[in-house]
Every structure is written in C-alpha cells, then in structure tokens.
Amino acid sequence: MEVVLQTIRVGNVDDFEDPGKLIVSVDDEEYGVFCLGGEFFAWKNECPHQGGPVCQGRFFRQVVEVIAEDKTSHGRDYEQDGDTPARTNIVCPWHGMEFDIRTGKFPGNADMALQGATVQVQGGEVFVVV
C-alpha cells in the first residue's frame with residue numbers, strides 16, 4: 001500500500017506566539033503545531049494515555065525536584081533557563097500527562113510518546129506534512 005503524504009499550510013510564522021500553538025485539521029485528524037524558542041514542532045492531537053486532546057493542553061516548564069546539598073527535598077519548582085532552553089511540556093487536559101514539546105516524549109516512561117508530524121518553514125510560512 002502506497003502512503004500519500006499531504007503538505008498543509010498552517011499559517012505565517014508571525015501568526016504564532018512564542019511559545020504558542022495552532023490546532024489544524026487534516027482530513028479526520030487534528031495536529032497541534034507549536035512554536036517554542038523560534039523552532040516549530042507538530043504532534044497528533046491524541047494523547048497516548050487515553051486519547052485525550054493533548055495539544056489543547058497548557059504549557060508548563062518541566063517540574064524538577066529541588067534537592068539541597070544534604071540530599072533532602074525542598075519541594076518542587078519549574079526548570080529555569082540556563083545555557084540551554086528550559087524544557088517545556090504540554091499537559092493533556094484529561095489526565096495531566098505531560099509531554100516534552102520538542103521531543104514528544106513523556107518524561108516518566110520512554111515508551112510513551114506523541115505521534116509526530118514534519119514541520120517545514122519556507123518563506124515565512126509554516127507547513128505540516130502528514
């Protein structure tokens with residue numbers, strides 16, 4: 001069976017906030033197209049946990065445990081900017097599952113990830129290939 005890919009124009013680069021997202025429909029599927037740190041990523045709008053609309057969730061920086069020098073926990077905080085951009089997660093509105101916007105991976109289980117789509121930026125326009 002031959003797979004036919006479609007290239008769908010999502011909009012202009014300037015249509016996106018940073019961080020920001022647009023949800024697009026392609027046939028019977030939805031995809032979230034994300035802008036983060038000037039880069040673009042696209043994921044199928046279906047949480048691998050139980051099929052929720054993951055791309056409609058909120059952005060959060062990755063939560064980290066704050067550990068003191070004596071190895072005691074001092075609660076949780078959000079990852080801070082450093083030399084590399086902070087990891088930012090999208091949180092599924094159904095059950096709170098978090099996925100890294102750049103990789104699509106769930107931090108708690110390497111086998112659980114979002115289904116990706118290719119994003120192309122050409123001449124100030126954003127396209128998704130599915």
Side-chain angles (χ1 to χ4, degrees):
M1 180 173 158
E2 184 178 331
V3 175
V4 178
L5 297 177
Q6 298 180 60
T7 301
I8 308 298
R9 184 182 181 281
V10 176
N12 295 319
V13 169
D14 295 338
D15 293 338
F16 287 82
E17 293 182 23
D18 191 353
K21 64 183 170 188
L22 290 175
I23 307 294
V24 296
S25 294
V26 181
D27 296 328
D28 293 334
E29 304 286 345
E30 285 188 336
Y31 292 85
V33 181
F34 297 86
C35 180
L36 184 62
E39 295 182 82
F40 288 86
F41 309 89
W43 306 105
K44 187 174 179 182
N45 191 20
E46 184 177 324
C47 183
H49 175 236
Q50 290 189 346
V54 64
C55 296
Q56 294 174 10
R58 295 181 60 194
F59 294 112
F60 284 99
R61 289 182 189 247
Q62 179 167 307
V63 177
V64 293
E65 188 82 17
V66 178
I67 305 294
E69 287 184 28
D70 65 357
K71 307 293 184 203
T72 58
S73 173
H74 286 254
R76 294 185 178 96
D77 199 358
Y78 295 104
E79 186 174 75
Q80 302 298 312
D81 287 324
D83 292 336
T84 59
R87 286 174 287 215
T88 301
N89 293 341
I90 188 76
V91 181
C92 183
W94 280 12
H95 301 107
M97 302 293 285
E98 297 185 28
F99 298 89
D100 186 311
I101 291 173
R102 288 182 173 88
T103 66
K105 294 181 181 177
F106 174 66
N109 180 347
D111 294 332
M112 186 179 285
L114 300 175
Q115 182 180 338
T118 301
V119 178
Q120 297 174 345
V121 179
Q122 300 171 352
E125 296 181 299
V126 181
F127 300 87
V128 64
V129 181
V130 294

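Counting from 1, the numbers follow the sequence of the chain as shown.
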Inset, instruction - Could you pull out all residues at least two apart from Gln115 that satisfy side-chain hydrogen bond (donor to acceptor under 3.5 Å, both in side chains)? - result: none

Legend entry - side-chain hydrogen bond (donor to acceptor under 3.5 Å, both in side chains) involving Asp15 - partner list, sequence neighbours excluded: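 By the side-chain hydrogen bond (donor to acceptor under 3.5 Å, both in side chains) rule, Asp15 matches no residue at all.
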
Would you say that [X] contacts [Y] through its side chain, given a criterion of any heavy-atom pair below 4.5 Å between the two side chains?
X: Ile90; Y: Phe34; answer: yes
X: Asp27; Y: Gln6; answer: yes
X: Val54; Y: Met97; answer: no

To the closest 0.5 Å, what do you measure between [atom1] ([X]) and [atom2] ([Y])?
X: Asn89; Y: Arg58; atom1: CG; atom2: CZ; value: 13.0 Å
X: Ile101; Y: Leu36; atom1: CD1; atom2: CG; value: 5.5 Å
X: Gln56; Y: Cys47; atom1: CD; atom2: SG; value: 12.0 Å
X: Asp14; Y: Asn12; atom1: CG; atom2: CG; value: 6.5 Å

Legend entry - Enclosure of Asp28 CG (heavy-atom neighbours >12, cutoff 6.0 Å): no

Inset, instruction - Return yes when atom CD of Glu17 has more than 12 non-hydrogen atoms of other residues, nucleotides or ligands closer than 6.0 Å, and no otherwise. - result: no

Legend entry - Co-members of Phe127 in a cluster of I, L, V, M, F, W and Y side chains, linked at under 4.5 Å: none

Legend entry - Other cluster members, Tyr31 - Ile/Leu/Val/Met/Phe/Trp/Tyr, side-chain contacts below 4.5 Å: Ile8, Val10, Val13, Phe16, Leu22, Val24, Val26, Val33, Phe40, Val119, Val121, Val126, Val128, Val130

Legend entry - Exam field: side chain Lys21 to backbone Phe59, donor-acceptor pair closer than 3.5 Å: no

Inset, instruction - Ignoring hydrogens and angles, tell me if any N or O in the side chain of Asn45 forms a donor-acceptor pair with the backbone of Gly32 under 3.5 Å. - result: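 No; judged by distance alone, with no hydrogens or angles, the pair does not exist.
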
How far apart are the closest heavy atoms of [X] and [Y], and which atoms are they?
X: Trp43; Y: Arg102; value: CZ2-O, 3.8 Å
X: Asn109; Y: Asp111; value: OD1-N, 2.8 Å
X: Ala113; Y: Pro48; value: O-CG, 3.4 Å

Inset, instruction - Hey, could you give me each pair passing salt bridge (Lys or Arg N to Asp or Glu O under 4.0 Å) that has a residue in residues 45-56? Not counting sequence neighbours. - result: Lys44-Glu46

Inset, instruction - Identify, with sequence neighbours excluded, every residue that meets ring pair (Phe, Tyr, Trp, His ring centres under 6.0 Å) alongside Phe106. - result: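 Testing Phe106 for ring pair (Phe, Tyr, Trp, His ring centres under 6.0 Å), a comparison that skips the adjacent residues, returns Phe99.
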
